[in-house]
Amino acid sequence: MLLWFRNDLRLTDNPALNFAIENGVTDAIFFISPKQWQAHNLAPIKKDFIYRHALLLKHQLVELGIQLQLIEAASFDDQIDFLKANEHKQIIVNQELELNEQRRDAALKDAGVELITFESDVVVPKGLILNQSGQMFRVFTPFKRAWLSWLRQHGFNIETHPTIQSLVFEEKDLLAKIESDNFKAGAEKWPMSFQVEQTLIPMFMETKLSKYQEQRDVPSIKGTSGLSPYLAIGAISPKYLLTILLSRHPDILSEQPASAFSWLNELVWREFYRHLLFHFPNLIKGTVFNEKYENIPWQTDQKYLQAWQQGKTGYPIVDAAMRQLNQTGWMHNRLRMIVASFLTKHLLVDWRAGETYFTEKLIDLDFAANNGGWQWSAGTGCDAQPYFRIFNPITQSEKFDPQGNFIRKYLPELADIPDKYIHFPHEYIRATGLKCYWPAIVEHKAAREKALAFYKQHL
DNA sequence: TGATAATTCAG
DNA sequence: TGAATTATC
């Protein structure tokens with residue numbers, strides 16, 4: 001038997017790994033697949049992050065007597081060829097959600113390779129949270145209620161093998177070792193998963209969780225957990241996070257206390273979108289969830305898309321957010337909603353273009369959540385906001401970045417603009433004769449009215 | 001996980 | 001007159 005790591009680069013709560021240990025498996029593989037990653041538009045920083053964690057895992061597995069080989073297989077077809085030719089005909093894996101990955105696994109089975117499959121990417125197994133008519137929920141809140149109720153009733157198992165639990169890692173040399181020129185693309189700023197488990201998660205629980213509800217929407221404050229990149233590559237498991245949360249807040253499945261629950265709520269959104277993709281696998285082919293929106297003639301002018309990508313829309317909160325994405329490979333969640341609304345509603349650009357750009361840039365790219373979020377913003381999605389809910393980028397900025405601290409960080413040219421004008425500085429700039437910022441690409445009120453008419457006409 | 005204009009109501 | 005509420009997009 002062979003242990004095959006994919007989107008589960010971790011020791012803690014890894015059912016495939018546990019099974020391998022119990023059965024004395026000593027061989028493991030992980031594929032480095034540049035061509036496939038390219039086909040999925042994967043951001044360089046995410047490739048870097050994956051590579052680092054694969055190397056970390058290789059190092060950690062030595063302690064368990066398992067040899068992890070990192071194998072170059074350019075595409076999924078090459079992975080299939082490798083595994084068909086391999087001596088092992090039983091392969092232990094954790095299931096992957098996305099369509100290409102599922103097809104690859106199906107092709108392997110057809111070729112006579114037996115996959116021993118576990119599910120480890122969600123807390124509640126996909127397919128079990130259904131409404132009264134046996135369908136997937138189409139609205140988040142009832143899904144959340146059913147999800148919580150299911151967990152209160154059934155609980156969940158987190159299995160970490162005793163051998164793993166007793167391991168202690170001394171990683172001083174490792175961090176230097178995994179600085180690879182091939183992949184280096186900014187991920188070195190993110191701590192490795194073992195540091196996250198040892199330090200970052202306990203710190204977050206101790207110091208930020210009680211203030212999460214009030215601070216999570218403020219991009220100038222590091223009020224979020226910063227765990228999304230680890231969840232996205234499977235370096236940290238959602239069950240592990242819930243286990244720790246439950247140990248501190250035994251009533252969290254009854255939505256108490258409120259602030260801590262608002263964090264769990266975000267994890268439930270993650271589950272919602274993964275369950276959704278499980279039920280509607282074709283979402284990955286770019287289809288709109290709500291077919292009513294199938295034939296919207298989105299704006300095709302590349303100038304709008306490029307201005308948005310480069311952070312040159314003339315709306316400071318949007319431009320600062322896009323610079324954060326371009327410079328760091330990550331963007332605060334509140335800002336993701338603001339820039340997505342701006343691209344789809346103010347510029348009327350196809351949400352798929354924004355989805356792709358996020359994919360190309362984000363360290364924490366998760367297909368299900370990204371697609372779900374974009375369709376939510378565009379109004380085409382499952383439990384989407386109605387098309388007439390259009391974020392006002394100035395109001396949002398005043399609300400969530402009142403002193404402009406975030407804006408000033410990424411738009412230093414606006415550093416000296418008074419708070420009062422920072423959210424839309426054009427009149428102030430005109431009055432003072434400064435030339436420090438480009439004009440607004442569209443005027444809010446007119447763009448809003450245009451968007452309302454546009455959606456109304458094409459629905 | 002909105003925004004805005006219209007309307008109501010306290011003072 | 002301006003805050004609170006409601007209706008509409």
Side-chain angles (χ1 to χ4, degrees), chain A residues 137-145 147-148 208-209 211-221 223-225 227-228 255 258-276 289-290 292-293 296 313 315 317-318 321 331-348 351 354-355 358 364 366 368-402 406 423-424 440 442-459:
Chain A
F137 286 94
R138 286 166 184 263
V139 179
F140 173 72
T141 307
F143 173 88
K144 174 179 71 180
R145 287 200 198 100
W147 187 92
L148 290 168
K208 293 182 180 172
L209 199 55
K211 292 180 281 187
Y212 185 79
Q213 198 168 21
E214 57 171 294
Q215 298 196 334
R216 58 175 294 263
D217 271 320
V218 182
S220 62
I221 298 175
T224 62
S225 69
L227 292 171
S228 55
E255 310 193 26
S259 185
F261 182 76
S262 67
W263 182 61
L264 179 57
N265 201 54
E266 296 305 303
L267 288 178
V268 185
W269 271 105
R270 178 180 177 278
E271 301 261 322
F272 178 62
Y273 284 135
R274 296 190 83 80
H275 281 238
L276 189 69
F289 183 80
N290 186 343
K292 234 171 43 172
Y293 290 78
I296 297 263
T313 66
Y315 286 82
I317 195 71
V318 175
M331 191 195 290
H332 189 281
N333 177 256
R334 168 58 51 180
L335 302 174
R336 295 188 198 198
M337 293 194 283
I338 295 173
V339 302
S341 173
F342 194 83
L343 184 70
T344 55
K345 304 283 171 62
H346 285 75
L347 302 182
L348 298 174
W351 57 272
E355 182 194 21
F358 270 23
D364 63 7
D366 171 292
N370 192 44
N371 181 269
W374 273 99
Q375 297 220 44
W376 179 86
S377 290
T380 67
C382 180
D383 195 21
Q385 59 167 356
Y387 74 87
F388 47 78
R389 263 186 210 165
I390 297 170
F391 280 47
N392 180 331
I394 301 166
T395 310
Q396 288 280 316
S397 184
E398 288 167 348
K399 207 163 161 185
F400 298 111
D401 192 26
F406 178 80
H423 310 288
F424 197 69
V442 291
E443 193 274 316
H444 166 67
K445 194 175 176 184
R448 178 175 184 273
E449 281 164 11
K450 188 178 167 187
L452 289 171
F454 176 83
Y455 273 87
K456 199 171 179 180
Q457 181 191 347
H458 296 293
L459 276 181

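Naming: A, B, ... by sequence-line order, numbering from 1 per chain.
- One atom, CZ of A:Arg389, and another, C1' of B:dA3, lie 10 Å apart when rounded to the nearest Å.
- Across the protein-nucleic acid pair, A:Leu452 atom CG and C:dT8 atom C1' stand 10 Å apart, rounded to whole Å.
- As rounded to whole Å, 16 Å separates atom P of B:dA3 from atom OH of A:Tyr455.
- Between the C1' atom of B:dA5 and the CZ atom of A:Arg448 lies a distance of 9 Å, rounded to the nearest Å.
- The side chain of A:Asn392 approaches B:dA3 more closely than any other nucleotide in the set B:dA5, B:dG2, B:dA3.
- For the OP1/OP2 pair of B:dT4 and a distance below 4.0 Å, the side-chain nitrogens and oxygens of A:His444 include at least one atom meeting the criterion.
- A:Lys450 has its NZ atom 21 Å from the P atom of B:dA3, to the nearest Å.
- Spacing between atom OH of A:Tyr387 and atom P of C:dT8 amounts to 14 Å, rounded to whole angstrom units.
- What separates CZ of A:Phe388 from C1' of C:dT8 is a distance of 8 Å, to the nearest Å.
- Pairing each heavy atom of A:Arg336 with each of A:Met331, the nearest pair is NE-O, 2.7 Å.
- Looking at heavy-atom distances under 4.0 Å, A:Lys345 makes no contact with the nucleic acid at all.
- The residue A:Gln213 sits apart from the nucleic acid: no heavy atom pair falls under 4.0 Å.
- A:His275 and A:Phe143 have perpendicular rings, their planes meeting at more than 60° on a 0 to 90° scale where under 30° would count as parallel.
- In this structure, A:Gln396 reaches the B:dA3 phosphate: one of its side-chain N or O atoms is under 4.0 Å from OP1 or OP2.
- Centroid-to-centroid, the aromatic rings of A:Phe342 and A:Phe391 stay 6.0 Å apart or farther.
- In this view, A:Thr313 and A:Asp319 satisfy the side-chain hydrogen bond (donor to acceptor under 3.5 Å, both in side chains) rule, not counting sequence neighbours.
- When rounded to the nearest whole Å, the span between CD1 of A:Ile390 and P of C:dC9 equals 13 Å.
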